[in-house]
Q: 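If you scroll down you'll find the structure; I have some questions about it.
Numbers here simply count residues along the sequence, with the first being 1. Any value given below was found using the heavy atoms of this structure, including those in side chains, with hydrogens, waters and symmetry copies removed. Being a predicted model, the structure only gives us computed values, none of them experimental.
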Amino acid sequence: MLKNTSRSIHFIPLKTTHFPLLLKWINTDHVSRWWRDNRPWSLEDIIQKYSTYCEGYKETGELKKPIHAFLIQIDSQPIGFIQYYNAHDFPREGGKLPPDLPKKLAALDLFIGEAEFIGKGLSTIILSTFLNDYIKPLFNACFVDPDRDNKLAIRAYEKAGFQAIPSTAKAKVIWMVKTLS
């Protein structure tokens, strides 16, 4: 929890009861543009993708790899979604991660679903709090890969201390890392 201008940030583990809210957010223009190829999702799509996340894993082939998903709450209002996982567990768009990155490397993804909370500087505070509370105790660094055209996300990551790294990808994403100390 972090207090900033009298607002508290909390991370609530994702539950199946959150799926209607997740569906609403993923289908908003400002999220769908970056989150899933700008296509409409159904509740069935949400259930299929996120059910195992509620249990702490994602299936890749026959393997169950840990993934941890949360709703982001400001005071008592859910405003977005964040997840983290071992970056080495999941292939990156356009290529493999550089071999010189730490072995204990987290990756995270987030979005603010409630439009009235966008552009208020909250992403940087959310990132800093989440990195400190969840990532830093388990990992040496954190990786993100926002779309190159998602200037708001890139700026938030930069403000939170992420730096662009060279990519083997000719993808539409930019690779960024923050070393945790």
Side-chain angles (χ1 to χ4, degrees), residues 1-12 14 21-22 24-39 41 67-75 77-87 90-95 97-98 100-102 105-181:
M1 177 177 75
L2 175 75
K3 297 241 182 218
N4 178 18
T5 62
S6 74
R7 303 196 93 168
S8 297
I9 297 175
H10 302 273
F11 303 100
I12 311 302
L14 185 66
L21 186 56
L22 203 57
K24 172 191 152 194
W25 290 337
I26 285 179
N27 281 327
T28 61
D29 290 340
H30 70 274
V31 174
S32 67
R33 179 175 181 199
W34 311 112
W35 200 253
R36 287 299 288 173
D37 300 324
N38 205 19
R39 71 170 178 89
W41 277 47
I67 194 164
H68 308 281
F70 303 85
L71 290 190
I72 302 164
Q73 256 186 5
I74 299 291
D75 299 327
Q77 180 178 351
I79 67 154
F81 173 83
I82 192 166
Q83 64 186 17
Y84 79 92
Y85 46 91
N86 183 322
F90 299 96
R92 306 316 316 165
E93 180 182 340
L97 291 172
D100 59 335
L101 289 177
L105 178 67
L108 69 78
D109 307 291
L110 80 100
F111 64 76
I112 294 180
E114 298 295 332
E116 65 268 22
F117 290 90
I118 294 172
K120 303 202 180 300
L122 290 172
S123 292
T124 303
I125 298 164
I126 290 165
L127 282 165
S128 295
T129 304
F130 194 79
L131 288 168
N132 190 57
D133 293 353
Y134 291 90
I135 307 295
K136 190 175 178 180
L138 302 170
F139 297 94
N140 297 328
C142 189
F143 173 88
V144 294
D145 56 353
D147 188 292
R148 289 185 184 280
D149 294 331
N150 191 344
K151 302 302 182 196
L152 283 176
I154 293 168
R155 184 171 164 190
Y157 289 127
E158 288 172 340
K159 284 183 174 183
F162 285 82
Q163 297 179 346
I165 62 170
S167 167
T168 59
K170 293 180 182 165
K172 293 177 43 177
V173 296
I174 182 170
W175 289 359
M176 302 176 82
V177 172
K178 176 176 177 150
T179 302
L180 306 170
S181 50

Q: Quick check: are there more than 12 heavy atoms from other residues, nucleotides or ligands sitting under 6.0 Å from CD of Gln77?
A: yes
Q: Can you pull out every side chain to side chain donor-acceptor pair (under 3.5 Å) where at least one residue sits in residues 151-162? Sequence neighbours excluded, please.
A: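 Counting only pairs at least two positions apart or across chains, no side chain to side chain donor-acceptor pair (under 3.5 Å) contact touches residues 151-162.
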Q: Could you state the interatomic distance from CD1 (Ile112) to CD1 (Ile126), rounded to the nearest 0.5 Å?
A: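 One finds 4.5 Å between CD1 of Ile112 and CD1 of Ile126.
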Q: Quick check: closest heavy atoms across Asp133 and Pro137, and the distance to 0.1 Å?
A: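 Heavy atoms of Asp133 and Pro137 come nearest at O-CG, 3.7 Å.
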Q: For Trp25 and Phe81, work out which heavy atoms get closest and say how close.
A: CZ3-N, 4.2 Å
Q: Describe, in one word, how the ring planes of Phe70 and Tyr134 are oriented to each other, choosing from parallel (under 30°), tilted (30 to 60°) and perpendicular (over 60°).
A: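 Phe70 and Tyr134: tilted rings.
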Q: So how far is it from Leu127 CG to Ser123 OG, rounded to the nearest 0.5 Å?
A: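 Rounded to the nearest 0.5 Å, the CG-OG separation comes to 6.5 Å.
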Q: Lys24: which residues meet the salt bridge (Lys or Arg N to Asp or Glu O under 4.0 Å) condition with it, sequence neighbours left out?
A: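 Per chain and number, Lys24 pairs via salt bridge (Lys or Arg N to Asp or Glu O under 4.0 Å) with Glu114.
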Q: Provide the closest heavy-atom pair for Ile174 versus Ala164 in the form atom of the first, atom of the second, distance.
A: CD1-CB, 3.9 Å
Q: For the residue pair Leu21 and Pro78, establish whether any side-chain heavy-atom pair is separated by less than 4.5 Å.
A: yes
Q: What heavy-atom pair brings Ala87 and Ala107 nearest, and what distance separates the two atoms?
A: CB-CB, 3.8 Å
Q: Considering non-hydrogen atoms only, spot the tightest contact between Thr124 and Ala156 and give its length.
A: OG1-O, 3.6 Å
Q: Checking Asp109 now: which residues fulfil side-chain hydrogen bond (donor to acceptor under 3.5 Å, both in side chains) with it, not counting sequence neighbours?
A: Gln83, Tyr85
Q: Taking only residues two or more places apart in sequence, or in another chain, which ones meet Asp149 in a side-chain contact (heavy atoms from CB on, under 4.5 Å)?
A: Trp34, Asp147
Q: Once rounded to the nearest 0.5 Å, what's the spacing between atom NZ of Lys120 and atom CD1 of Ile79?
A: 11.0 Å
Q: Can you measure from CZ (Phe143) to CG (Leu101) and round to the nearest 0.5 angstrom?
A: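 It is 8.0 Å, given to the nearest 0.5 Å.
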Q: State, to 0.1 Å, how close Val144 and Leu108 come at their nearest heavy-atom pair, and which atoms those are.
A: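 In this case the closest contact between Val144 and Leu108 is CG1-O, 3.7 Å.
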